[in-house]
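The block underneath contains the structure these notes are about, expressed in structure tokens.
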Amino acid sequence: MQPHIVLIAFGFERKAGKVINTHQPVDRTYYVDESGIPGSGLALYSALGVPEERAPEILRAWREMREQWFREHGVPADFELHATNFLSGRGRPGGLNPAKIQRYRMAQAALDVIGAQPSLSVVTVYTDEPAHWGRAKRQAYEGLLRRLDRRLTEVGERAALVVDGDGSEPLYEQVHRQVGPRCIPLPAVEVPAHSSAWIQMADVVAHSACQAVARQPSRRFMWSWYGRHLPKAPAPERC
């Protein structure tokens, strides 16, 4: 289990390199990443809900897949999976340059692993604001918070949020104060994607969700990935 999962599960928060006791135990952690197309104003957030007691087995399945990638494709298990770069053919994992078709198949395998976890939930919320992408991001994140809080209220659970970041994005705390979600007691903790397999999972989900919504002609091969490989996930919801 990764360190930040343990910290959050037992009511601790990491800020500015320090661990603060918040006394806020939670039932699950949502790992969140964003995607979108700034030029069109599309902004999107995907969240993976991980029950604390199931986190080790989900992470084990992911690591087994990454080890298989290394055996079959030479992609090191600790190579950061950033879907935009990886699927575009950028980066040389392990000094190699897998063909694009191999990269596409690996990304689909990653989605299959996520989709096969019965205890893992997926939520995607999006909006578009052609004249102001920054406003669209804020609206999408607000929509995600409200959607998650409704779901948690229905099942009587509390959750923590972890997002991709380096701690410099004020949006998450600002929107959290604005929304005041009852079942998410603390603002999102920012964790760099390169250090978190969970955020990398959220990244590939968000990237596929983006194309399920945007349907860019150049990414036609991805249009069906979200629905096909994540069959239990609700369709991306517009807010």
Pairwise distance [atom1]([X]) to [atom2]([Y]) - rounded to 0.5 angstrom:
{"X": "D203", "Y": "H207", "atom1": "CG", "atom2": "NE2", "value": "8.0 Å"}
{"X": "C239", "Y": "R147", "atom1": "SG", "atom2": "CZ", "value": "12.0 Å"}
{"X": "Q178", "Y": "L171", "atom1": "CD", "atom2": "CG", "value": "9.5 Å"}
{"X": "W62", "Y": "M201", "atom1": "CH2", "atom2": "CE", "value": "5.5 Å"}
{"X": "L144", "Y": "E237", "atom1": "CG", "atom2": "CD", "value": "9.5 Å"}
{"X": "L152", "Y": "D27", "atom1": "CG", "atom2": "CG", "value": "8.0 Å"}

Going hydrophobic residue to hydrophobic residue with side-chain gaps under 4.5 angstrom, can you get from [X] over to [Y]?
{"X": "W133", "Y": "V125", "answer": "no"}
{"X": "V179", "Y": "Y30", "answer": "yes"}
{"X": "V204", "Y": "F70", "answer": "no"}

Less than 4.5 Å apart, side chain to side chain, heavy atoms only: is that true for [X] and [Y]?
{"X": "V32", "Y": "V162", "value": "no"}
{"X": "V191", "Y": "W198", "value": "no"}
{"X": "K100", "Y": "S88", "value": "no"}
{"X": "Y172", "Y": "V163", "value": "yes"}

Determine whether a donor-acceptor pair (N or O, by modelled atom type, separation under 3.5 Å) exists between the side chain of [X] and the backbone of [Y].
{"X": "E129", "Y": "A131", "result": "no"}
{"X": "S208", "Y": "V205", "result": "yes"}
{"X": "Q117", "Y": "V113", "result": "yes"}
{"X": "D164", "Y": "A193", "result": "yes"}
{"X": "R182", "Y": "T153", "result": "no"}
{"X": "Q200", "Y": "L81", "result": "yes"}
{"X": "N85", "Y": "R90", "result": "no"}
{"X": "K232", "Y": "G115", "result": "yes"}

Query raised in the report: Excluding sequence neighbours, so at least two apart, what forms side-chain contact (heavy atoms from CB on, under 4.5 Å) with A235?
Result: none
Query raised in the report: What residues, two or more places apart in sequence or in another chain, satisfy side-chain contact (heavy atoms from CB on, under 4.5 Å) together with A99?
Result: I101, Q102
Looking at [Y] and [X], is there a salt bridge between them, counting it only when a charged N and a carboxylate O are closer than 4.0 Å?
{"X": "E173", "Y": "R177", "value": "yes"}
{"X": "E57", "Y": "R54", "value": "yes"}
{"X": "R238", "Y": "D128", "value": "yes"}
{"X": "E52", "Y": "R28", "value": "no"}
{"X": "E142", "Y": "R138", "value": "no"}

So which atom in [X] and which in [Y] form the shortest heavy-atom distance, rounded to 0.1 Å?
{"X": "G165", "Y": "E190", "result": "CA-OE1, 3.4 Å"}
{"X": "D33", "Y": "I199", "result": "OD2-O, 4.2 Å"}
{"X": "V26", "Y": "A160", "result": "CG1-N, 3.9 Å"}
{"X": "A109", "Y": "W69", "result": "CB-NE1, 4.4 Å"}
{"X": "P185", "Y": "R158", "result": "CG-NH2, 3.5 Å"}
{"X": "A136", "Y": "T127", "result": "O-CG2, 3.1 Å"}

Distance alone, cut at 3.5 Å: any donor-acceptor contact between the side chains of [X] and [Y]?
{"X": "Q216", "Y": "Q211", "answer": "yes"}
{"X": "Q108", "Y": "R228", "answer": "yes"}
{"X": "R103", "Y": "N97", "answer": "yes"}

**Report entry** Stepwise side-chain contact (heavy atoms from CB on, under 4.5 Å) check, T29 with L161
**Finding:** CA-CA 6 Å; T29 298; L161 299 178; over 6 Å; no
Report task. Not counting sequence neighbours, list each pair that qualifies as a side-chain hydrogen bond (donor to acceptor under 3.5 Å, both in side chains) and has a residue in residues 36-47. Result -> S46-T124
Requested in this report: Each residue besides L96 in its hydrophobic cluster should be listed here, by chain and number; the cluster joins Ile, Leu, Val, Met, Phe, Trp and Tyr at side-chain heavy-atom distances under 4.5 Å.
Outcome: none
Report summary line: Apart from L44 itself, its cluster of hydrophobic side chains linked below 4.5 Å comprises I37, L42, Y126, V213
Requested in this report: Could you walk me through whether M222 and L87 pass the side-chain contact (heavy atoms from CB on, under 4.5 Å) test, one step at a time?
Outcome: CA-CA 10 Å; M222 289 185 63; L87 293 173; 4.0 Å; yes
Query raised in the report: ring pair (Phe, Tyr, Trp, His ring centres under 6.0 Å): which pairs involve residues 75-110, sequence neighbours left out?
Result: Y104-F221
Query - side-chain contact (heavy atoms from CB on, under 4.5 Å) evaluation trace for H176 with I184 - result: CA-CA 9 Å; H176 197 95; I184 307 173; 3.8 Å; yes
Query - Intermediate values then yes/no, side-chain contact (heavy atoms from CB on, under 4.5 Å), Q68 and E64 - result: CA-CA 6 Å; Q68 182 178 0; E64 288 173 354; over 6 Å; no
